Structures are given as structure tokens and as C-alpha cells.
Trainee: 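To start, I am sharing the structure in question, which I have written as C-alpha cells.
Fair warning: this is a prediction, and the values are worked out from it, not measured in the lab.
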Amino acid sequence: MYLRYTLVFLLSFLFLSDVNAQVRKYSNEFLAIGVGGRALGMGNANVSLVDDVTAGYWNPAGLTRIGDDFQISVMHAEYFASIAKYDYGAIAAPLKGKDKFLSFSFIRLGVDDIPNTLELIEPDGTINYDNIKSFSVADYAFITSYAQKTKIKGLSIGGSFKLIYRTAGSFATAWGFGLDAGITYEIKKFRLGLMARDVTGTFNAWSFSFTEREQQVLHQTNNIIPENSLEVTVPRFIAGVSYEFDIKNKFYIVPAFDIEMTTDGKRNVALKTNTVSFDPKFGLELNYLEIVYLRGGVNNIQKLTDESGKSRTSFQPNVGVGIRIKTFDINYAYTRMTTEKNTLFTHAVSLNLGINRKKNK
């Protein structure tokens, strides 16, 4: 049982294939989860709205809205009953003249302490539990982002370079890189945003290193021994719009709408064709005096078919709260990864700290 568990988990995670170079429909999906309690609580509808250090992830052009001399953010979340740990950290600061901004972000999604039972059975057929060791499967992303204001009032541009490292114990590693680009535009109380992720394609080069003993076990259990390969993530585009309603300079209502366009074929989303799919996201934020925040959002709208063959529309609900204490923000989101009702929800908490914060206009 332990042997089967390790083999299935390891091989399914690595998307093993005998193809040397291939476009993957769900490549680097850990970068699509989202960061920050504010955005997660609003169903990831954040491309036009983002105005803090998390813009390095959502839309680098949004970094120009930071009103601090320096800003730092951290987040932690756990998925699938705490099996998978998700961590994020970032820093951002304006450059000389304060019309250009630079940020550095870090993301890790990992499953730790997985039992490695490839050597559970000795060559003579006996079982030796002392041979069970543990390993981790993890994805890492290091993102460097730059943004600047343009001569056109309200228009900002930005870009990000992503370095990706993926590992599965001592069995496999992958290095990858890619580029993102984004723009934001503000006109009165409207905010518009456009984000192009993996705009040049993101490439992951996989390298596998199994020992002779491990290869023998894989062969005996009818598993494919993978070869070094190149994995390509194709571009996706996200457009967003948001608007701020001001009620007596005390209450603020901010609805936001994003639509994500993927170019890797038909996906199970609200709108789809054979080559392009459109995934809408809706978010709403209410706040009082920019101190207390209530949030909600809907995303992952899908068509599902039950055992009787009947189809139904499902979606992923999200809620969140936030509080601002001078230059310190605490944001909480109650969310999950899928639309399935039996999928456990997760608690995501993020902290933002700004130095020399200036009140937003």
C-alpha cells in the first residue's frame, strides 16, 4: 500500500511523459492560486484593483500606486487538510523620483514528509520498514518586478521576470523562467488593468535522476522511467475593471470584475472554444473609513455532470475581512481551490507593513 501511494503521488505530480518537449495545459498552476488575503477574499478579481506590494504578482503596473517608501507583505495558507503548505513573501519600494518602482516576490507550494517506499522491499523479498525515508515535493517562484508611470496621466506599465524551481525529492528537479507584462489606467473612479502572464512562454527544463535500484522498482511495477524533458507554459491574458463608490467619505463600495483568457485549449470554465477559454471572476469590497473591510467574491465557474448525467453550474465562493491599523494591514480570506462541495476550505492570512505611508487619494 505504501509503495503504491508513493509511486502514484510522485509520478502524477511530475506529469511524466516520454515526450521531450511539450506544451502542458496545466503547467505551473501553482502560480494561478493567488496571493494576499484581499485578493483571495474577492475571488482573485484584482488585476485592475491592486495597489500594494502584491502587484508584483497580480499586475506589476499596480506597483506605481504604492503610497509607502517601503512595503513588505507575507502570507501563509494550507490546503487539503494542511497537506499542502502555501507561503508568499514580497518587498517593494519606489526608486529615485518615486515614479518608478521595484519589487521582489517569493512563492512556495509544497507537500512535505512524503514516505518514500521505493526501497521498502529488499532484493530478497523481505520488507524492511527502516528503508522508508521521507521527501518533499515543492514548487518555488522568484519574481522580480518593475513598474513606472508614463507621461499619460493615469497610465502605468510594468513587467516581471520569473525564475521557477520545482523539485520532487532527489528524483527530479526543474528550472524555468518566463516574463509577465501589465498595464493599469485610472480615469476618475474607474480603474482598468490588463495582465499578460507567460507572455513569451515559460519554459521548465526537467531533469530526472533515479538510482539503478529505483529504476528497477519502477520497471517491476510497470511504471514509465521518465526522460529529461522541456515543459512549456503558454500565455494567458487577464483584463479587469473596478470602480469605487464613495458614500459621504465614510463608506466605500468597490466592485471588481476580471476575465482570464487562456490559450492552451478548451477548459471547463464559463466560456470556452476549442482554442481559447474565458474564466470570469467577480469581487466586492466594502470598507469604512479605510479601516475595516468586508469582502466577497466568486470564481471558478464551471459546468459539472453528476452520476445521473445531469449537468449543473458550480462556482467557488470566497469571503474575507481586513483591518488597517496605521501602516499595518491584516487581511483574512476563507477560500478553497476547487468548486467541489466536499473540498475543504482553507484559511489564508496575509500581513502588509508600510513605511512612511501616505493616505490614498
Side-chain angles (χ1 to χ4, degrees), residues 2-33 57 79-80 83-89 104-121 123 131-144 160-180 197-236 262-265:
Y2 288 114
L3 178 60
R4 182 179 302 174
Y5 171 80
T6 299
L7 291 173
V8 171
F9 188 94
L10 174 62
L11 298 179
S12 62
F13 182 87
L14 295 176
F15 304 104
L16 299 182
S17 172
D18 56 0
V19 179
N20 289 328
Q22 187 173 351
V23 173
R24 300 286 188 183
K25 177 172 285 192
Y26 298 103
S27 173
N28 289 331
E29 283 296 296
F30 78 102
L31 289 176
I33 296 174
Y57 169 89
Y79 293 91
F80 310 116
I83 294 176
K85 308 268 191 314
Y86 185 69
D87 294 288
Y88 162 80
F104 300 94
S105 308
F106 166 78
I107 297 173
R108 180 189 187 269
L109 174 65
V111 177
D112 301 309
D113 298 322
I114 303 170
N116 175 12
T117 59
L118 288 177
E119 298 183 8
L120 174 63
I121 301 176
N131 289 341
I132 298 179
K133 297 179 173 58
S134 62
F135 66 96
S136 297
V137 171
D139 296 332
Y140 300 84
F142 307 88
I143 306 173
T144 301
S160 298
F161 172 78
K162 299 183 296 188
L163 180 64
I164 297 167
Y165 175 66
R166 305 179 68 183
T167 179
S170 61
F171 312 112
T173 58
W175 286 96
F177 64 91
L179 298 175
D180 298 339
R197 287 187 176 164
D198 308 302
V199 64
T200 58
T202 294
F203 301 87
N204 287 347
W206 281 100
S207 175
F208 301 93
S209 56
F210 292 94
T211 66
E212 291 185 6
R213 171 60 179 160
E214 290 167 345
Q215 292 183 42
Q216 182 181 8
V217 173
L218 291 173
H219 179 73
Q220 292 173 345
T221 53
N222 297 320
N223 285 284
I224 297 174
I225 299 175
E227 299 178 354
N228 295 349
S229 59
L230 181 64
E231 180 180 291
V232 182
T233 307
V234 297
R236 67 175 66 189
T262 52
T263 60
D264 53 8

Trainee: Would you call D198 and K162 a salt bridge, taking side-chain N to carboxylate O under 4.0 Å as the test?
Mentor: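 Salt bridge flag = yes for K162 with D198.
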Trainee: Without hydrogens or angle criteria, can the side chains of N28 and T233 be said to hold a donor-acceptor pair below 3.5 Å?
Mentor: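 Checked: N28/T233 side chains pair up, N/O donor to acceptor below 3.5 Å.
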Trainee: With rounding to the nearest 0.5 Å, note down the distance linking OG1 in T173 to CG in N228.
Mentor: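 Answer for the OG1-CG pair, T173 versus N228, is 8.5 Å.
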Trainee: Just so I know, are the side chains of W175 and I164 near enough to count as touching, which here means a heavy-atom distance under 4.5 Å?
Mentor: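 Heavy-atom side-chain distance check fails, nothing below 4.5 Å.
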Trainee: Hey, what do you get for OG (S134) to CD1 (I114), rounding to the nearest 0.5 Å?
Mentor: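 With rounding to 0.5 Å, OG (S134) is 9.0 Å from CD1 (I114).
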Trainee: Can you spot which of L109, V137, D139 makes a side chain to side chain contact (heavy atoms under 4.5 Å, CB included) with R166?
Mentor: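 The option that passes is D139.
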Trainee: So, does S209 use its side chain to make a donor-acceptor pair with the main chain of S170 at under 3.5 Å?
Mentor: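 Here the side-chain-to-backbone pair exists.
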Trainee: Would you name the heavy atoms of I143 and S160 that are closest together and state the gap between them?
Mentor: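 What the structure gives for the nearest pair is CG2-CB, 3.8 Å.
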Trainee: For F135 and F171, I'd like to know if the aromatic rings sit close, meaning centre-to-centre distance below 6.0 Å.
Mentor: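 Aromatic pair counts; centres sit under 6.0 Å.
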Trainee: Compare all side-chain heavy atoms of I225 with those of F208 and state whether any distance is below 4.5 angstrom.
Mentor: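 Heavy-atom side-chain distance check fails, nothing below 4.5 Å.
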Trainee: Around F177, counting heavy atoms of other residues, nucleotides and ligands shown, do more than 12 lie under 6.0 Å from its CZ?
Mentor: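 Atom CZ in F177 is not crowded, with 12 or fewer foreign heavy atoms closer than 6.0 Å.
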Trainee: Give me the one residue out of Y86, Y57, F142 that meets ring-ring contact (aromatic ring centres under 6.0 Å, His included) with F106.
Mentor: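 With F106 as partner, ring-ring contact (aromatic ring centres under 6.0 Å, His included) holds for just one option, F142.
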Trainee: Work out which heavy atom in A32 is nearest to a heavy atom in R197; give both atom names and the distance.
Mentor: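 What the structure gives for the nearest pair is CA-NH1, 4.4 Å.
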Trainee: Which distance, rounded to the nearest 0.5 Å, do you find between the CD1 of I83 and the CG of D112?
Mentor: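 The CD1 atom of I83 sits 11.5 Å away from the CG atom of D112.
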